[in-house]
Amino acid sequence: MANSSSSAETNSTGNSDSKPKGKKRSLGEIIDFCAKAVVMIVGLPVRAAAAIVNQFVANGGAGRALVGGILFIGGSMINVSSTVRKRQKAC
């Protein structure tokens, strides 16, 4: 059973037993934490852009419907504009 092996790795509060709460972190752990924080901060705009792009490429995504609606309205406006110009020239 998977639950019995994972319960041996964690204590009753769910914290891992590998690091006691009162122990100071070593220099390597501090550098590791800082490196992870820098990577997360630098990667945040990339993740945000990827999430936005994903909305446009996913089937049934809200972004696809938005772009379709904008293109439809824009095409309708161009069509109306050309029709009005033709009628003005005819008069």
Side-chain angles (χ1 to χ4, degrees):
M1 300 273 184
N3 291 339
S4 62
S5 64
S6 65
S7 63
E9 295 174 6
T10 59
N11 61 17
S12 62
T13 60
N15 297 332
S16 66
D17 292 332
S18 62
K19 295 180 185 176
K21 289 184 180 180
K23 184 179 178 184
K24 282 191 171 183
R25 291 183 176 176
S26 68
L27 181 62
E29 290 174 331
I30 293 171
I31 292 172
D32 183 52
F33 175 76
C34 291
K36 286 180 181 178
V38 168
V39 168
M40 186 180 294
I41 291 169
V42 170
L44 189 62
V46 175
R47 286 181 183 230
I52 292 169
V53 169
N54 187 33
Q55 290 294 318
F56 290 102
V57 297
N59 283 335
R64 248 179 142 169
L66 178 68
V67 170
I70 290 171
L71 291 175
F72 176 76
I73 292 171
S76 298
M77 293 175 83
I78 290 171
N79 186 23
V80 168
S81 174
S82 66
T83 305
V84 169
R85 286 185 188 162
K86 287 180 184 177
R87 287 186 182 177
Q88 288 176 349
K89 286 182 182 179
C91 291

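- With sequence neighbours excluded, the residues satisfying side-chain contact (heavy atoms from CB on, under 4.5 Å) with Leu66 are Ile70.
- Counting side-chain heavy-atom gaps under 4.5 Å among Ile, Leu, Val, Met, Phe, Trp and Tyr, the cluster of Val38 also holds Val42.
- For the salt bridge (Lys or Arg N to Asp or Glu O under 4.0 Å) condition, no pair includes a residue of residues 38-48, sequence neighbours left out.
- Ile30 and Met40 fall into different hydrophobic clusters, where Ile, Leu, Val, Met, Phe, Trp and Tyr side chains are chained together by heavy-atom contacts under 4.5 Å.
- Under the side-chain contact (heavy atoms from CB on, under 4.5 Å) criterion, Asn54 pairs with Val57, Ala58, sequence neighbours left out.
- Other residues sharing the hydrophobic cluster of Phe33, ordered by chain and number and joined by side-chain separations under 4.5 Å: none, the residue standing alone.
- The hydrophobic cluster around Ile31 extends to Leu27, counting ILVMFWY residues whose side-chain heavy atoms fall within less than 4.5 Å of a member.
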